[in-house]
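One structure below.
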Amino acid sequence: MKKKLIVLMTTLAMAVTACCVGMFAAVMTTAADDTVKIMSIGDSITDGYGIAGSYRKFMYYELAQKGYEIDMVGSKGDSWALPTYTDETTGVTFEYDDENTGYSGYAIQAYPGRSGILETLQSTNCLATTSPDIVILQIGTNDVIDNHEIDASGERLGGLIEYIFDNIPSDSAVFVTTIPDLDPNRSDVYSWFNNYRHSDDWQTQYSDDEAETYVQAAVDKYNSIIKSTVEQLRSSHANLYAGDINSVITDVTSQLVDGVHPNNTGYQLMGQYWASVIASYLSGGQITPPVTDTTMTTTTTTMPTTTTTITTETTTETTMITEETEAPVSTTSEITTETTEQTTETSTTLTETSEVTSSTEEQPDFYDGDVNGDGQIHLSDAVVLLKYLLHEQSLSEEAFRHSDMNQDGKVNGFDLALLRQKLFVEMDN
(Lines give C-alpha, C1' and ligand atoms only; values in the text may rest on other atoms or scores of the structure.)
Protein backbone atom coordinates (compact mmCIF):
# COMPACT_ATOMS: atom_id res chain seq x y z
CA MET A 1 0.00 0.00 0.00
CA LYS A 2 1.59 3.25 -1.14
CA LYS A 3 1.67 6.31 1.02
CA LYS A 4 -0.39 9.06 -0.59
CA LEU A 5 -0.80 12.76 0.17
CA ILE A 6 -4.25 13.71 1.42
CA VAL A 7 -4.92 17.40 0.86
CA LEU A 8 -7.77 18.67 2.99
CA MET A 9 -7.56 22.23 1.72
CA THR A 10 -5.69 23.20 -1.39
CA THR A 11 -5.59 26.98 -1.35
CA LEU A 12 -2.12 27.41 0.16
CA ALA A 13 -0.20 29.95 -1.93
CA MET A 14 3.54 29.40 -1.72
CA ALA A 15 5.95 31.42 -3.84
CA VAL A 16 8.60 29.22 -5.40
CA THR A 17 12.09 30.52 -4.72
CA ALA A 18 14.78 30.42 -7.37
CA CYS A 19 16.80 27.24 -7.24
CA CYS A 20 20.46 27.29 -6.43
CA VAL A 21 22.74 24.69 -7.98
CA GLY A 22 24.75 25.29 -10.98
CA MET A 23 24.86 22.52 -13.57
CA PHE A 24 22.56 20.63 -15.91
CA ALA A 25 20.49 18.00 -14.15
CA ALA A 26 20.55 14.43 -15.35
CA VAL A 27 17.47 13.73 -17.41
CA MET A 28 15.04 11.68 -15.36
CA THR A 29 11.54 11.88 -16.75
CA THR A 30 8.93 10.82 -14.23
CA ALA A 31 5.26 10.37 -14.89
CA ALA A 32 2.81 11.81 -12.39
CA ASP A 33 1.82 8.33 -11.19
CA ASP A 34 5.41 7.18 -10.62
CA THR A 35 6.66 7.20 -7.05
CA VAL A 36 9.84 9.16 -6.29
CA LYS A 37 11.68 8.12 -3.14
CA ILE A 38 13.44 10.96 -1.33
CA MET A 39 15.66 10.70 1.75
CA SER A 40 16.48 13.84 3.75
CA ILE A 41 19.68 13.36 5.76
CA GLY A 42 21.01 15.80 8.32
CA ASP A 43 21.01 17.17 11.84
CA SER A 44 18.32 18.93 13.88
CA ILE A 45 17.47 21.30 11.03
CA THR A 46 16.42 18.26 8.99
CA ASP A 47 14.91 16.49 11.98
CA GLY A 48 12.83 19.50 13.00
CA TYR A 49 14.05 20.88 16.33
CA GLY A 50 10.82 21.79 18.11
CA ILE A 51 8.99 22.08 14.78
CA ALA A 52 7.53 18.85 13.42
CA GLY A 53 8.25 18.00 9.81
CA SER A 54 10.90 20.70 9.34
CA TYR A 55 11.24 21.78 5.69
CA ARG A 56 10.28 18.26 4.59
CA LYS A 57 6.54 18.79 5.00
CA PHE A 58 6.52 21.85 2.75
CA MET A 59 8.69 20.15 0.14
CA TYR A 60 6.37 17.13 0.17
CA TYR A 61 3.27 19.27 -0.24
CA GLU A 62 4.75 21.39 -3.04
CA LEU A 63 5.94 18.37 -5.02
CA ALA A 64 2.54 16.71 -4.65
CA GLN A 65 0.90 19.90 -5.92
CA LYS A 66 3.15 19.66 -8.96
CA GLY A 67 1.80 16.17 -9.69
CA TYR A 68 4.55 14.00 -8.23
CA GLU A 69 3.84 11.06 -5.95
CA ILE A 70 6.50 11.24 -3.26
CA ASP A 71 7.61 8.52 -0.87
CA MET A 72 9.81 9.95 1.88
CA VAL A 73 12.18 7.28 3.17
CA GLY A 74 14.72 7.09 5.98
CA SER A 75 15.76 5.49 9.23
CA LYS A 76 13.06 7.30 11.22
CA GLY A 77 9.32 7.82 10.96
CA ASP A 78 6.15 5.76 10.69
CA SER A 79 5.51 4.27 7.25
CA TRP A 80 1.73 4.42 7.64
CA ALA A 81 0.85 7.25 10.00
CA LEU A 82 0.77 10.55 8.13
CA PRO A 83 0.97 13.59 10.44
CA THR A 84 -1.04 16.72 9.70
CA TYR A 85 0.14 20.29 9.39
CA THR A 86 -2.16 23.31 9.61
CA ASP A 87 -0.94 26.74 8.55
CA GLU A 88 -1.79 29.17 11.37
CA THR A 89 -2.19 32.11 8.99
CA THR A 90 -4.12 30.61 6.09
CA GLY A 91 -5.77 27.68 7.85
CA VAL A 92 -4.67 25.32 5.08
CA THR A 93 -4.26 21.76 6.29
CA PHE A 94 -2.43 18.87 4.64
CA GLU A 95 -0.86 15.55 5.56
CA TYR A 96 2.76 14.69 4.81
CA ASP A 97 5.12 11.73 4.86
CA ASP A 98 7.42 12.13 7.87
CA GLU A 99 10.11 9.50 7.22
CA ASN A 100 13.62 10.95 7.30
CA THR A 101 17.20 10.49 8.51
CA GLY A 102 17.60 13.65 10.56
CA TYR A 103 19.23 13.49 14.02
CA SER A 104 19.41 16.44 16.39
CA GLY A 105 22.91 17.26 17.59
CA TYR A 106 24.74 15.12 15.03
CA ALA A 107 27.91 16.10 13.18
CA ILE A 108 29.34 15.03 9.82
CA GLN A 109 31.32 12.27 11.48
CA ALA A 110 31.55 11.36 15.15
CA TYR A 111 34.01 13.13 17.47
CA PRO A 112 34.11 13.44 21.27
CA GLY A 113 30.79 14.86 22.42
CA ARG A 114 29.02 14.39 19.07
CA SER A 115 27.54 11.44 17.22
CA GLY A 116 28.03 11.34 13.46
CA ILE A 117 25.64 11.01 10.55
CA LEU A 118 28.12 8.78 8.73
CA GLU A 119 28.18 6.27 11.57
CA THR A 120 24.38 6.40 11.82
CA LEU A 121 23.97 5.63 8.12
CA GLN A 122 26.36 2.73 8.55
CA SER A 123 24.62 1.30 11.62
CA THR A 124 21.07 1.63 10.26
CA ASN A 125 21.93 0.59 6.68
CA CYS A 126 18.95 2.73 5.67
CA LEU A 127 20.35 3.73 2.28
CA ALA A 128 20.69 0.18 1.00
CA THR A 129 17.35 -0.93 2.41
CA THR A 130 15.32 2.00 1.03
CA SER A 131 17.18 2.72 -2.25
CA PRO A 132 16.24 6.42 -2.51
CA ASP A 133 16.02 8.07 -5.92
CA ILE A 134 17.08 11.41 -4.43
CA VAL A 135 19.16 12.18 -1.33
CA ILE A 136 19.24 15.64 0.25
CA LEU A 137 22.19 16.10 2.61
CA GLN A 138 22.41 19.10 4.93
CA ILE A 139 24.99 18.58 7.65
CA GLY A 140 27.79 20.49 9.42
CA THR A 141 25.97 23.06 11.55
CA ASN A 142 27.10 21.33 14.75
CA ASP A 143 30.68 21.09 13.49
CA VAL A 144 30.54 24.88 13.03
CA ILE A 145 28.86 25.45 16.41
CA ASP A 146 31.71 23.55 18.09
CA ASN A 147 34.31 25.15 15.80
CA HIS A 148 35.50 21.59 15.24
CA GLU A 149 38.38 21.31 12.78
CA ILE A 150 36.68 23.34 10.06
CA ASP A 151 39.79 23.14 7.88
CA ALA A 152 39.41 19.34 7.74
CA SER A 153 35.63 19.35 7.30
CA GLY A 154 35.91 18.80 3.54
CA GLU A 155 37.63 15.46 4.13
CA ARG A 156 34.92 14.36 6.55
CA LEU A 157 32.17 15.53 4.22
CA GLY A 158 33.82 13.83 1.25
CA GLY A 159 33.95 10.53 3.11
CA LEU A 160 30.24 10.85 3.95
CA ILE A 161 29.30 11.61 0.34
CA GLU A 162 31.32 8.66 -0.94
CA TYR A 163 29.55 6.35 1.50
CA ILE A 164 26.16 7.57 0.31
CA PHE A 165 27.01 6.91 -3.34
CA ASP A 166 28.36 3.47 -2.48
CA ASN A 167 24.97 2.51 -1.01
CA ILE A 168 22.37 3.94 -3.42
CA PRO A 169 21.41 3.00 -6.99
CA SER A 170 23.84 4.23 -9.64
CA ASP A 171 21.25 6.54 -11.23
CA SER A 172 20.18 8.19 -7.96
CA ALA A 173 21.01 11.85 -7.33
CA VAL A 174 22.59 13.44 -4.25
CA PHE A 175 22.11 17.12 -3.40
CA VAL A 176 24.54 18.52 -0.81
CA THR A 177 23.62 21.93 0.49
CA THR A 178 25.21 24.79 2.38
CA ILE A 179 24.05 25.55 5.91
CA PRO A 180 22.14 28.69 7.02
CA ASP A 181 23.76 31.61 8.81
CA LEU A 182 23.61 31.54 12.61
CA ASP A 183 22.74 34.06 15.33
CA PRO A 184 25.03 33.14 18.28
CA ASN A 185 23.85 35.92 20.62
CA ARG A 186 20.27 34.68 21.01
CA SER A 187 19.62 33.59 24.61
CA ASP A 188 18.42 30.07 23.70
CA VAL A 189 21.72 29.15 22.06
CA TYR A 190 24.18 31.60 23.64
CA SER A 191 26.17 28.98 25.55
CA TRP A 192 26.43 26.73 22.50
CA PHE A 193 29.01 29.07 21.00
CA ASN A 194 31.46 29.18 23.92
CA ASN A 195 34.31 28.09 21.67
CA TYR A 196 33.97 31.43 19.89
CA ARG A 197 33.81 33.49 23.08
CA HIS A 198 37.23 32.60 24.49
CA SER A 199 40.82 32.44 23.32
CA ASP A 200 42.60 29.11 22.98
CA ASP A 201 43.73 29.18 26.59
CA TRP A 202 40.32 30.54 27.72
CA GLN A 203 42.06 33.48 29.39
CA THR A 204 40.56 36.05 27.04
CA GLN A 205 36.81 36.45 26.58
CA TYR A 206 35.56 37.92 23.32
CA SER A 207 32.63 40.29 23.12
CA ASP A 208 29.30 39.29 21.61
CA ASP A 209 30.08 41.32 18.49
CA GLU A 210 33.44 39.60 18.11
CA ALA A 211 31.85 36.17 18.61
CA GLU A 212 29.26 36.98 15.95
CA THR A 213 32.00 37.93 13.51
CA TYR A 214 33.97 34.75 14.22
CA VAL A 215 30.86 32.56 13.83
CA GLN A 216 29.95 34.18 10.52
CA ALA A 217 33.51 33.60 9.30
CA ALA A 218 33.23 29.91 10.21
CA VAL A 219 29.89 29.56 8.39
CA ASP A 220 31.31 31.29 5.30
CA LYS A 221 34.36 29.09 5.36
CA TYR A 222 32.44 25.84 5.78
CA ASN A 223 29.97 26.70 3.03
CA SER A 224 32.86 27.39 0.69
CA ILE A 225 34.35 24.01 1.59
CA ILE A 226 31.01 22.34 0.80
CA LYS A 227 30.94 23.88 -2.68
CA SER A 228 34.55 23.00 -3.47
CA THR A 229 34.12 19.44 -2.12
CA VAL A 230 31.09 18.85 -4.31
CA GLU A 231 32.85 20.29 -7.33
CA GLN A 232 35.84 18.01 -6.80
CA LEU A 233 33.71 14.87 -6.36
CA ARG A 234 31.60 15.58 -9.44
CA SER A 235 34.41 14.24 -11.60
CA SER A 236 33.54 10.77 -10.31
CA HIS A 237 29.85 11.32 -9.47
CA ALA A 238 27.89 12.97 -12.27
CA ASN A 239 24.67 12.87 -10.21
CA LEU A 240 26.13 14.99 -7.40
CA TYR A 241 24.80 18.55 -7.09
CA ALA A 242 25.48 21.52 -4.80
CA GLY A 243 22.48 23.20 -3.19
CA ASP A 244 22.47 26.54 -1.40
CA ILE A 245 20.03 26.79 1.50
CA ASN A 246 22.17 29.64 2.82
CA SER A 247 20.76 31.77 -0.01
CA VAL A 248 17.21 30.98 1.15
CA ILE A 249 17.50 31.78 4.87
CA THR A 250 18.26 35.47 4.50
CA ASP A 251 17.16 36.91 7.87
CA VAL A 252 18.35 35.13 11.02
CA THR A 253 16.09 37.32 13.15
CA SER A 254 12.75 36.51 11.51
CA GLN A 255 13.46 33.10 9.96
CA LEU A 256 15.22 31.31 12.84
CA VAL A 257 13.30 30.36 15.96
CA ASP A 258 16.32 30.40 18.27
CA GLY A 259 19.40 31.53 16.37
CA VAL A 260 20.17 28.10 14.88
CA HIS A 261 16.95 26.37 13.82
CA PRO A 262 14.47 27.75 11.28
CA ASN A 263 10.89 28.51 12.28
CA ASN A 264 8.03 27.56 9.96
CA THR A 265 8.65 30.71 7.94
CA GLY A 266 12.21 29.60 7.25
CA TYR A 267 11.23 25.97 6.78
CA GLN A 268 8.56 26.94 4.25
CA LEU A 269 11.16 28.81 2.19
CA MET A 270 13.47 25.80 2.38
CA GLY A 271 10.69 23.40 1.36
CA GLN A 272 9.71 25.55 -1.60
CA TYR A 273 13.34 25.78 -2.65
CA TRP A 274 13.82 22.01 -2.62
CA ALA A 275 10.53 21.39 -4.39
CA SER A 276 11.63 23.71 -7.19
CA VAL A 277 15.10 22.16 -7.45
CA ILE A 278 13.80 18.60 -7.42
CA ALA A 279 11.00 19.31 -9.90
CA SER A 280 13.56 20.81 -12.28
CA TYR A 281 15.79 17.75 -11.87
CA LEU A 282 12.94 15.28 -12.40
CA SER A 283 11.77 17.07 -15.54
CA GLY A 284 15.27 17.09 -17.01
CA GLY A 285 15.53 20.86 -16.82
CA GLN A 286 18.48 23.07 -16.01
CA ILE A 287 19.29 23.68 -12.39
CA THR A 288 20.45 27.28 -12.28
CA PRO A 289 22.08 29.33 -9.52
CA PRO A 290 20.29 32.33 -8.02
CA VAL A 291 21.37 35.85 -8.91
CA THR A 292 23.52 37.09 -6.04
CA ASP A 293 26.18 39.76 -5.65
CA THR A 294 28.85 37.34 -4.51
CA THR A 295 29.64 33.80 -3.54
CA MET A 296 32.73 32.77 -1.64
CA THR A 297 36.35 31.93 -2.40
CA THR A 298 39.20 31.15 -0.01
CA THR A 299 41.29 33.50 2.11
CA THR A 300 42.76 32.80 5.53
CA THR A 301 41.14 34.20 8.69
CA THR A 302 42.22 33.67 12.30
CA MET A 303 39.52 32.36 14.63
CA PRO A 304 39.63 32.19 18.44
CA THR A 305 40.37 28.45 18.42
CA THR A 306 41.17 27.52 14.83
CA THR A 307 42.24 29.03 11.53
CA THR A 308 39.26 30.17 9.53
CA THR A 309 38.86 30.81 5.82
CA ILE A 310 36.58 33.42 4.34
CA THR A 311 35.87 32.74 0.68
CA THR A 312 34.87 35.25 -1.93
CA GLU A 313 34.27 34.78 -5.65
CA THR A 314 31.83 36.37 -8.03
CA THR A 315 29.32 34.37 -10.02
CA THR A 316 31.07 35.25 -13.25
CA GLU A 317 34.72 35.38 -12.33
CA THR A 318 37.11 34.40 -9.58
CA THR A 319 39.06 37.21 -7.96
CA MET A 320 42.35 36.26 -6.37
CA ILE A 321 43.13 38.55 -3.46
CA THR A 322 46.74 38.89 -2.40
CA GLU A 323 48.45 41.13 0.07
CA GLU A 324 50.59 43.71 -1.65
CA THR A 325 53.92 44.20 0.04
CA GLU A 326 56.13 47.12 -0.72
CA ALA A 327 59.78 46.10 -0.72
CA PRO A 328 62.68 48.55 -0.94
CA VAL A 329 64.07 48.63 -4.46
CA SER A 330 67.70 49.51 -5.00
CA THR A 331 68.78 50.50 -8.50
CA THR A 332 71.99 51.93 -9.88
CA SER A 333 71.68 54.35 -12.78
CA GLU A 334 74.31 56.06 -14.78
CA ILE A 335 73.02 59.22 -16.36
CA THR A 336 75.18 60.62 -19.10
CA THR A 337 74.50 64.22 -19.91
CA GLU A 338 76.03 65.71 -23.00
CA THR A 339 75.10 69.31 -22.24
CA THR A 340 74.33 71.45 -19.24
CA GLU A 341 70.83 72.01 -20.59
CA GLN A 342 70.11 68.25 -20.56
CA THR A 343 71.36 67.93 -16.99
CA THR A 344 69.19 70.80 -15.82
CA GLU A 345 66.16 69.39 -17.62
CA THR A 346 66.61 65.99 -15.98
CA SER A 347 66.99 67.56 -12.56
CA THR A 348 63.80 69.56 -13.06
CA THR A 349 61.86 66.46 -14.10
CA LEU A 350 63.02 64.56 -11.01
CA THR A 351 61.96 67.43 -8.77
CA GLU A 352 58.50 67.58 -10.31
CA THR A 353 58.08 63.83 -9.91
CA SER A 354 59.09 64.06 -6.27
CA GLU A 355 56.49 66.74 -5.67
CA VAL A 356 53.76 64.65 -7.29
CA THR A 357 54.69 61.61 -5.20
CA SER A 358 54.62 63.65 -2.01
CA SER A 359 51.22 65.05 -2.91
CA THR A 360 49.89 61.55 -3.59
CA GLU A 361 51.12 60.23 -0.24
CA GLU A 362 49.17 62.95 1.53
CA GLN A 363 45.89 61.88 -0.10
CA PRO A 364 43.60 60.19 2.44
CA ASP A 365 42.89 56.49 1.85
CA PHE A 366 39.10 56.33 1.82
CA TYR A 367 39.13 52.60 1.21
CA ASP A 368 41.23 51.47 4.16
CA GLY A 369 38.49 49.77 6.17
CA ASP A 370 38.42 52.25 9.05
CA VAL A 371 34.63 52.11 9.15
CA ASN A 372 34.16 53.58 12.62
CA GLY A 373 36.63 56.42 11.96
CA ASP A 374 38.89 55.83 14.97
CA GLY A 375 42.08 55.93 12.91
CA GLN A 376 42.86 52.21 13.04
CA ILE A 377 41.72 48.91 11.55
CA HIS A 378 40.15 46.72 14.20
CA LEU A 379 37.59 43.94 14.58
CA SER A 380 35.11 46.62 15.60
CA ASP A 381 35.18 47.95 12.02
CA ALA A 382 34.06 44.56 10.69
CA VAL A 383 31.32 44.47 13.33
CA VAL A 384 29.99 47.88 12.24
CA LEU A 385 30.04 46.84 8.58
CA LEU A 386 28.30 43.55 9.38
CA LYS A 387 25.54 45.41 11.26
CA TYR A 388 25.11 47.71 8.27
CA LEU A 389 24.72 44.73 5.94
CA LEU A 390 22.16 43.24 8.34
CA HIS A 391 20.24 46.56 8.27
CA GLU A 392 20.85 47.07 11.98
CA GLN A 393 22.91 50.24 11.61
CA SER A 394 23.40 53.05 9.08
CA LEU A 395 26.69 54.42 7.74
CA SER A 396 27.71 58.02 7.33
CA GLU A 397 28.95 59.15 3.92
CA GLU A 398 32.55 58.98 5.11
CA ALA A 399 32.06 55.56 6.73
CA PHE A 400 30.52 54.33 3.48
CA ARG A 401 33.65 55.39 1.56
CA HIS A 402 35.88 53.63 4.07
CA SER A 403 33.71 50.50 3.72
CA ASP A 404 33.88 50.37 -0.08
CA MET A 405 37.00 48.20 -0.09
CA ASN A 406 36.92 47.36 -3.81
CA GLN A 407 35.98 50.93 -4.86
CA ASP A 408 32.97 49.89 -6.93
CA GLY A 409 30.61 52.45 -5.42
CA LYS A 410 28.70 49.77 -3.47
CA VAL A 411 29.04 48.27 0.00
CA ASN A 412 28.13 44.60 0.25
CA GLY A 413 29.36 41.23 1.47
CA PHE A 414 32.32 41.36 -0.89
CA ASP A 415 33.64 44.44 0.90
CA LEU A 416 33.17 42.70 4.27
CA ALA A 417 35.23 39.75 3.03
CA LEU A 418 38.01 42.09 1.87
CA LEU A 419 37.95 43.93 5.20
CA ARG A 420 38.17 40.66 7.11
CA GLN A 421 41.10 39.59 5.00
CA LYS A 422 42.92 42.86 5.63
CA LEU A 423 42.07 42.77 9.33
CA PHE A 424 43.38 39.28 9.95
CA VAL A 425 46.46 39.73 7.79
CA GLU A 426 47.37 42.71 9.96
CA MET A 427 46.60 40.68 13.10
CA ASP A 428 48.93 37.90 11.88
CA ASN A 429 51.67 40.48 11.33
Side-chain angles (χ1 to χ4, degrees), residues 19-29 36-42 101 107-109 116-119 121-122 127-128 131-140 143-144 149-179 219-247 273-274 276-290 292 294-300 309-321:
C19 26
C20 162
V21 259
M23 36 222 53
F24 282 94
V27 175
M28 178 179 174
T29 56
V36 180
K37 293 191 291 185
I38 301 175
M39 181 183 291
S40 293
I41 301 174
T101 309
I108 304 168
Q109 296 186 26
I117 282 295
L118 173 61
E119 291 78 7
L121 292 176
Q122 292 169 336
L127 289 166
S131 298
D133 300 305
I134 295 172
V135 171
I136 297 173
L137 175 63
Q138 180 178 319
I139 194 66
D143 299 70
V144 170
E149 298 179 1
I150 306 300
D151 287 330
S153 60
E155 298 176 12
R156 301 195 299 275
L157 182 63
L160 173 58
I161 293 171
E162 292 287 4
Y163 176 83
I164 292 173
F165 272 105
D166 287 344
N167 289 273
I168 60 176
S170 59
D171 59 350
S172 295
V174 177
F175 292 83
V176 182
T177 180
T178 55
I179 64 173
V219 172
D220 291 346
K221 176 181 182 180
Y222 177 63
N223 282 338
S224 174
I225 289 173
I226 290 175
K227 295 173 184 177
S228 61
T229 300
V230 170
E231 186 62 29
Q232 291 168 10
L233 292 179
R234 271 188 57 79
S235 60
S236 54
H237 300 292
N239 283 350
L240 175 62
Y241 303 95
D244 194 5
I245 283 298
N246 185 268
S247 69
Y273 168 85
W274 282 122
S276 181
V277 169
I278 291 171
S280 180
Y281 167 77
L282 293 175
S283 65
Q286 183 179 9
I287 305 176
T288 56
T292 54
T294 59
T295 50
M296 299 291 170
T297 186
T298 306
T299 56
T300 302
T309 301
I310 299 175
T311 62
T312 308
E313 75 180 43
T314 65
T315 54
T316 57
E317 63 180 357
T318 302
T319 303
M320 301 301 295
I321 304 171

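- When all heavy atoms of Tyr222 and Ile139 are compared, the pair lying nearest together is OH-O, 2.7 Å.
- Atom-to-atom distance recorded for Ile161:CD1 and Ser236:OG is 10.0 Å, nearest 0.5 angstrom.
- Distance alone, capped at 3.5 Å, places no donor-acceptor pair between the Thr177 side chain and the Gln138 backbone.
- Heavy-atom contacts from other residues, nucleotides or ligands closer than 6.0 Å to CD of Glu155 number 12 or fewer.
- The backbone N or O of Tyr273 lies less than 3.5 Å from no partner atom in the side chain of Ser276, so there is not a single donor-acceptor pair.
- Contact check for Asp133 versus Leu282: no side-chain heavy atoms found under the 4.5 Å cut-off.
- Two residues are said to be in side-chain contact when any heavy atoms from C-beta on lie closer than 4.5 Å; Asn246 and Val219 meet this criterion.
- In this structure, NZ in Lys37 is found 12.0 Å from CD1 in Ile134, a value given to the nearest 0.5 Å.
- The shortest heavy-atom contact between Pro132 and Ser172 is O-OG, 2.7 Å.
- Of the possible polar contacts, none joining the Ser224 side chain to the Asp220 backbone as a donor-acceptor pair under 3.5 Å is found.
- Classification of the Tyr281-Phe175 ring pair by plane angle, with boundaries at 30° and 60°, yields perpendicular.
- Every residue was checked against the ring pair (Phe, Tyr, Trp, His ring centres under 6.0 Å) condition with Tyr163, not counting sequence neighbours, and none meets it.
- In this structure a side-chain-to-backbone donor-acceptor pair under 3.5 Å is present from Arg156 to Glu149.
- Not a single side chain to side chain donor-acceptor pair (under 3.5 Å) links Asn167 to another residue, sequence neighbours left out.
- Evaluation of the side chain to side chain donor-acceptor pair (under 3.5 Å) rule for Thr178 yields Asp244 as partners, not counting sequence neighbours.
- Judged by distance alone, the side chain of Thr229 and the main-chain N or O of Ile225 form a donor-acceptor pair under 3.5 Å.
- Contact check for Ile108 versus Ile117: no side-chain heavy atoms found under the 4.5 Å cut-off.
- Listed for the Asn223 side chain is a donor-acceptor partner under 3.5 Å among the backbone atoms of Ile179.
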